[in-house]
Each structure stands twice: as C-alpha cells, then as structure tokens.
Amino acid sequence: MNMKGLIVLLFTISVSHADPRGKPYQRDKVCQEYKMLGKDKFTAIAVIMNSRKFSNATFEEIDHLVKAIVSLAETCCSEGVAEKTSTLCYDSKASSLSEKSCDPKSPFPKHPGVASCCVHKGLERKLCLADLKQPPKEFPTYVEPSNEELCSSFRTNPQIFSWRFLYEYSSNFAHTPLLVVLNSTENYLNMIKECCTAKKPTPCFLNQRLQRHPVHLLTVMSNRLCSRFSSYGAEKLKFSGAVMFGQKVPSAEFKDVTPIVDQGTRVLSKCCGSLTDNCIEKELSVHIQQVCKKLSKDARVAECCKKPSVDTLHCLHSMPAAEAITLPKLQLPTSDQLCKKGRNRELEKYMFELARRNTKLPEVFVDKLYESVADVVKKCCSSENANSCLEEKKLQLNEEMKSYITESNELCGDYNKYSFSDFKQRIIKVLNIRFPKLTSSKVEELAEQRANLASTCCIINAPPVYCKEKIPKVIGKTCTQEPCLL
C-alpha cells in the first residue's frame, strides 16, 4: 500500500457524505487516489476509515456505506470522463448520499445526530452529516478464529474475508493511530494469504505470528493508551498515570512519577492523532526508557525492562498492584493548600498517597473518588469562607472516603479471591445481613449490580468511561447528607 497516498485519502473518503467545500479539489483528490490505488485498495481504505468512524456499526451498514463511496468514485472517476461531466456526476452522487442518509430506512450506520442534521438542507446538511461519528468501543469484541476457521473463510471468498476482517479489526482499534492500524491489517492479511495457501499452514502460522507479535502488540497498547487519553484528557490522564505507578510501585514518591506521567501524556498528545510514520512507536520507546531509568529499583519493573520496548510497555501495564507498604498516617491538606489557583497538585498528591496506601483499590475507583472529592473542594474554595467550609466538611469527608474505600476494597478483594459463583453468594450473604428487610428479589438485583461492576471494573486496565458511570450506582449508596461524595 502507498502510505502517503492513504494519508491523503484519509481526508477525502473518511466521511460518509462528500463535503462540497472545494468540490473540484475534493473530486480531484478522490479520483486521483481511486486511479492510483485501484478499486480493491480504495475499498479497503474506505472500510478501515468508516469502521473507525462508526465503530459500533454492523458490518452490513459499513458495507452499504463503502459500496456507495466506491460507486461514487467508480462512476465519476472513470478514464475518459470529461472534467465538467465528472464534477456534475460527483456533486449529484454526493447529494444522493446525503439524501439517502436522511431516509428513515437508510442502510447506512445509525447515529443519534442524523435526525438533527436532516432538518437542514443543501450544504449545511452535508457538512453536519460529514461531522458525525460514533464513540469508539470501550470493550473490544474481536476474537480471532482458529487457523482452520480463518483459512476456510479465506478460501470461500478471499475478498469478503478481507473486508470483514478490516471492519472487525478497525472498529475494535479505533483509537490506534491510523498508520499503526494500516500496517497491522496489511501485515495480518499477508499472513493469511501466505499461510492459507502454504503446504503446511500450522508451522507457517506459528512463524508468522511470532514475527507479527510486535506489530499487533503496538496496536493493542496504543489503542489502550490513546483511548484513555481521549476519555480522560491530558490533565486527568496524568493523575491516572500517577495512581497506576503509585499502586504498582508504592515505594515511588509523587515527585518520582510526576515527570514520567507528564512525559507519557505529551507522547499521547503528540502521537494519538498523528499521521507521521512511526510517531507513537518511536516516542513510546523514549518514554519506556524513562520509566525504566526512574523506577527500575523495583524488582518487578526491572524484570519488565529486560524485554523489547513494546513488550516492556505491555508488561508494566499488565503488572498487578503491589502489596501495600507501611507509610505514615495521611492527613488532608490545609484549605490554603487546597485552594491554590491553577492545577490542584496538593489534592492530586493526597489522592496519590491514598492510592499508595490502598494498592488493591482499582485505579478507576481512585479516579472516581478523586473526582468526587475535587467537586467538594471546588465548592468550598469558591465560597465566601473557604477555610471554615473545608474544616466543617473535613470530618465527614474522611468518614465517607473511609467508607467508600472499605466497600470498594471488599468488593474487589472478594472478586479477585473467589470463584465468580462463590463471590456472588458472598455478596448475597452480606446484603442479607446489611439489609434484612429487603426482599429476596431485591437482594438478587443488588447482587447482580455488584457482580457486574466487579467483573468489569475490578480488573487491570478497566474501562474508565463505563466504570465512572457505574461505580456511583453501586458504591456509597447510604449517603444522606452533604458532602455526599458519590
């Protein structure tokens, strides 16, 4: 694949409705790329781009959309078509696409914003539709079939197999930088083509998967990191990263991890949306060197740092939280410290210290607690007498944080200690003791909520957006007065 050509193509076919601004220029670009890449490669890129843009769409919806895009290029960009005729053709087809999208029976990807776009007409409607996209998946759903199943599907219809794989892979790794996904999908399809036509497919797959490992792992890790960057934003991600290192390496001080997470966030800010070749691979390599330099006194970190670069990154992020170490008793910062203008480093440091002392409390639970405490602090700091406000709430804040941490630790501790069936039975037993007047059906409902939360959020690298929404629905439900953290 011609990568430079694909980058240009990104801006011309990644929208489902042609943007009429600069129509001749856009038509020229689309036609140029269609002629340069040919129909098959042009289609492949259209599948990748629209699967990333509409990551929750079905394959059939993406297929309909891509066929419409390819039909536009195929009809209007044919050799020998006069420029004026081509322009009229392109404009007509683009308008037809936007009209079709507004049909209630449209086969294109569904999006809640379509209806509001379709109240407009002409250019405004097209621009509105062009800006629509679905949020990327927080839960990857792609499961690779067995070698036998792969080859059977490939031999049945190689082209449909390729399109469906591009759809599955691209929609699951929509946060991964574009060039990483392009490289990974091309690498994978080459492996399938080579091994499914080989005399001995099994050893071929074994060898090819070993060679493919760094490419795929970079795809997985960059998607995970860029997803968190997108969900949290730069400042919140720095705090989240500090918590992660504090729980995995509790001997590390706040001043040790701050430069590391600041640098890591800069890498993601620079590379997650970059179209520069190898940006994230090169920059993450430098970041990993910094982590290993600063934290390799820890034996587990040192062991991870013996691996190749992307494997080190995966090792560090997959490392379970360490056992808690003995540290001095923690005190809430003073009102003067908490109410400083700008970024509240004192509160971040306090929550980091709290996480170091509760290493088994999952990062998403710490993040939610930090957010809740920060809201209380912000309200007090904007009041007429911040000092008296914070002093008044400090006792209850401490009690609520203690209760929240105890309940969360209990939930996640049991989840990681017992089998799922035993874990759920323990929840039911605790609920029956705690709320003896509840009916058995209500207890079962509450137990199901807690079990679902634990299975998703009491794990390493839990999805932050989902957990942020679900945690307050389960944890800390007994609050009856302000500050009422959750």
Side-chain angles (χ1 to χ4, degrees), residues 1 3 5-21 26 29-30 33-34 37 41-73 93-94 96-103 106-118 125-142 162-186 219 222-224 226-227 229-231 271-275 280 465:
M1 288 186 182
M3 288 298 180
L6 300 182
I7 292 171
V8 174
L9 194 59
L10 166 68
F11 298 104
T12 57
I13 67 167
S14 65
V15 295
S16 58
H17 320 278
D19 178 352
R21 292 173 292 190
Q26 188 190 49
K29 286 296 182 184
V30 171
E33 299 300 345
Y34 179 78
L37 294 170
K41 286 186 178 179
F42 183 93
T43 306
I45 303 307
V47 172
I48 290 172
M49 295 308 307
N50 285 285
S51 297
R52 283 163 65 88
K53 184 176 182 183
F54 301 108
S55 59
N56 294 301
T58 65
F59 174 71
E60 289 70 26
E61 288 170 340
I62 295 296
D63 187 48
H64 278 295
L65 178 55
V66 168
K67 283 177 178 175
I69 291 170
V70 173
S71 173
L72 181 151
K93 281 271 189 180
S96 177
L97 274 176
S98 68
E99 289 296 327
K100 192 171 184 179
S101 294
C102 290
D103 186 332
S106 169
F108 295 157
K110 305 298 183 287
H111 193 286
V114 169
S116 59
C117 287
C118 293
R125 174 192 284 184
K126 291 179 183 179
L127 296 181
C128 181
L129 290 169
D131 286 336
L132 295 179
K133 64 179 181 179
Q134 296 171 347
K137 295 176 182 176
E138 269 210 291
F139 302 99
T141 56
Y142 178 67
S162 297
W163 295 170
R164 186 171 283 277
F165 166 73
L166 292 175
Y167 154 76
E168 291 276 6
Y169 201 80
S170 300
S171 63
N172 272 269
F173 298 107
H175 276 299
T176 300
L178 175 64
L179 292 185
V180 176
V181 170
L182 290 173
N183 186 31
S184 189
T185 52
E186 182 180 25
T219 307
S222 58
N223 186 72
R224 182 183 298 171
C226 290
S227 172
F229 179 76
S230 175
S231 299
C271 296
C272 286
S274 173
L275 295 174
I280 198 149
V465 175

Quiz item: For Leu37 and Phe42, which heavy atoms make the closest approach, and how far apart are they?
Solution: CB-N, 4.1 Å
Quiz prompt | Nearest heavy-atom neighbours spanning Val181 and Phe173 | solution = CG2-O, 3.7 Å
Between atom [atom1] of [X] and atom [atom2] of [Y], what is the distance when rounded to the nearest 0.5 Å?
| X | Y | atom1 | atom2 | value |
| --- | --- | --- | --- | --- |
| His64 | Ile69 | NE2 | CD1 | 13.5 Å |
| Leu182 | Ile48 | CG | CD1 | 5.0 Å |
| Tyr167 | Asn172 | OH | CG | 8.5 Å |
| Asn223 | Ser230 | CG | OG | 10.5 Å |
| Ser106 | Leu97 | OG | CG | 9.5 Å |
| Leu166 | Ile62 | CG | CD1 | 11.5 Å |

Exercise. Tell me, yes or no, whether the heavy-atom count around Lys110 atom NZ, taken from other residues, nucleotides or ligands under 6.0 Å, exceeds 12.
Key: yes
Is there side-chain contact between [X] and [Y], with at least one heavy-atom pair below 4.5 Å?
| X | Y | value |
| --- | --- | --- |
| Ile280 | Ser274 | no |
| Arg164 | Val47 | no |
| Glu168 | Ser51 | no |
| Glu61 | Phe108 | no |

Exercise. Evaluate side chain to side chain contact (heavy atoms under 4.5 Å, CB included) for Met49 paired with Leu178, printing each intermediate quantity in order.
Key: CA-CA 9 Å; Met49 295 308 307; Leu178 175 64; 3.6 Å; yes
Practice problem: State which residue, out of Cys272, Ser231, Ser55, Pro136, fulfils the side-chain contact (heavy atoms from CB on, under 4.5 Å) condition with His175. | Solution: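 By the side-chain contact (heavy atoms from CB on, under 4.5 Å) criterion, His175 pairs with just one of Cys272, Ser231, Ser55, Pro136: Pro136.
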Quiz item: Without hydrogens or angle criteria, can the side chains of Ser184 and Thr219 be said to hold a donor-acceptor pair below 3.5 Å?
Solution: yes
Exercise. Answer yes or no: is there a donor N or O on one side and an acceptor on the other, between the side chain of Lys53 and the main chain of Leu132, under 3.5 Å?
Key: yes
Self-check item: Counterpart residues, ring pair (Phe, Tyr, Trp, His ring centres under 6.0 Å), relative to Phe229 (two or more places apart)
Solution: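 For Phe229, no residue satisfies ring pair (Phe, Tyr, Trp, His ring centres under 6.0 Å) once neighbours in sequence are set aside.
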Quiz item: Does the pair Glu186/Lys41 count as a salt bridge with the N-to-O cut at 4.0 Å?
Solution: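 Answer for the salt bridge query: no.
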Quiz item: Is the distance between the SG atoms of Cys118 and Cys102 less than 2.5 Å?
Solution: yes
